[in-house]
Visitor: 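Have a look at the structure that comes next, please.
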Amino acid sequence: MSQNHFVIVYDSDEDSARRKVRSAIRAFGGWKQYSVFECLLSETEQAELFARLDQVVAQAEGDTRIRCYKLSAAEGSIHTIPEEAETDDGANNII
C-alpha cells in the first residue's frame with residue numbers, strides 16, 4: 001500500500017473550529033509546529049481525513065482555511081534543521 005507525505009497547515013478565527021481541525025489531523029499525523037502537521041497517509045486515510053476536514057469547514061461559522069501540501073515521495077525530499085532522526089514528538093522543523 002503506497003502512502004503519501006502531506007504537510008497540512010490551517011487557521012481559523014474560531015477557537016472551536018481550530019480545535020476540531022487539530023483533533024481531526026492529530027488522528028492521522030504528527031504535530032510539528034503550531035497549526036502545522038505532517039502526515040503519512042494511504043489513499044484511504046487521505047480520503048477519510050479530507051472528508052473530516054471538509055465537514056469541519058462546512059460547519060464552521062467563521063473563516064476557516066486548511067491547506068494540504070503533498071510532498072515528493074523522493075528519498076531526501078524532507079530536510080530538517082537541526083538534522084536529527086525522524087520523530088513524531090514535534091521537535092522537527094520543516095524547512
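Side chains included, hydrogens not; waters and symmetry mates left out as well; all remaining heavy atoms used.
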Visitor: Which is it for Arg67 and Ile8 under the side-chain contact (heavy atoms from CB on, under 4.5 Å) test, yes or no, and what are the steps along the way?
Guide: CA-CA 6 Å; Arg67 292 205 179 243; Ile8 302 175; over 6 Å; no
Visitor: Quick check, are the ring centers of Phe6 and Phe50 under 6.0 angstrom apart?
Guide: yes
Visitor: Could you measure the distance from the CD1 atom of Ile66 to the CG atom of Leu49? Nearest 0.5 Å is fine.
Guide: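 Here the interatomic distance stands at 8.5 Å.
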Visitor: Any side-chain to backbone donor/acceptor pair from Glu43 onto Gln3? Under 3.5 Å, distance only.
Guide: no
Visitor: Looking at Gly30, is its backbone amide N or carbonyl O close enough to the side chain of Glu38 to form a donor-acceptor pair, meaning the two atoms are under 3.5 Å apart?
Guide: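 Not a single qualifying donor-acceptor pair exists.
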Visitor: When rounded to the nearest 0.5 angstrom, what distance separates OG1 in Thr64 from CD in Gln59?
Guide: 11.0 Å
Visitor: Answer yes when Asp63 and Arg65 have at least one side-chain N-carboxylate O distance shorter than 4.0 Å, and no when they do not.
Guide: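 Yes, Asp63 and Arg65 are salt-bridged.
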Visitor: Should Asn4 and Leu40 count as side-chain neighbours, where that means a heavy-atom distance under 4.5 Å?
Guide: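 No, too far: nothing below the 4.5 Å cut-off.
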Visitor: Quick one: OG on Ser23 to CZ on Arg18, what's the gap to the nearest 0.5 Å?
Guide: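 The CZ atom of Arg18 is 14.5 Å from OG of Ser23, to the nearest 0.5 Å.
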Visitor: Could you tell me whether Glu48 and Arg52 make a salt bridge, using a distance below 4.0 angstrom between a side-chain N and a carboxylate O?
Guide: yes
Visitor: If you compare all heavy atoms of Ala24 against all heavy atoms of Leu53, which two are closest, and at what distance to 0.1 Å?
Guide: CB-CD2, 4.0 Å
Visitor: Any non-hydrogen side-chain atom of Lys70 less than 4.5 Å from a side-chain atom of His5?
Guide: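 Not in contact.
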Visitor: Taking atom CZ of Arg22 and atom OG of Ser35, what is their separation to the nearest 0.5 Å?
Guide: 7.0 Å
Visitor: Would you check if Val7 and Phe37 make a side-chain contact, meaning some heavy-atom pair closer than 4.5 Å?
Guide: no
Visitor: Run the side-chain contact (heavy atoms from CB on, under 4.5 Å) test on Ile25 and Tyr10 for me, step by step, so that the C-alpha distance in whole Å, both residues' side-chain angles and the decisive distance to 0.1 Å come before the verdict.
Guide: CA-CA 10 Å; Ile25 301 171; Tyr10 62 93; 3.9 Å; yes
Visitor: Is there a side-chain contact between Val9 and Tyr69 (heavy atoms, below 4.5 Å)?
Guide: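 SC-SC contact between Val9 and Tyr69 confirmed.
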Visitor: Ignoring hydrogens and angles, tell me if any N or O in the side chain of Glu45 forms a donor-acceptor pair with the backbone of Ser42 under 3.5 Å.
Guide: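 Yes.
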Visitor: Looking at Cys39 and Gly29, what are the two nearest heavy atoms and their distance?
Guide: SG-CA, 3.6 Å
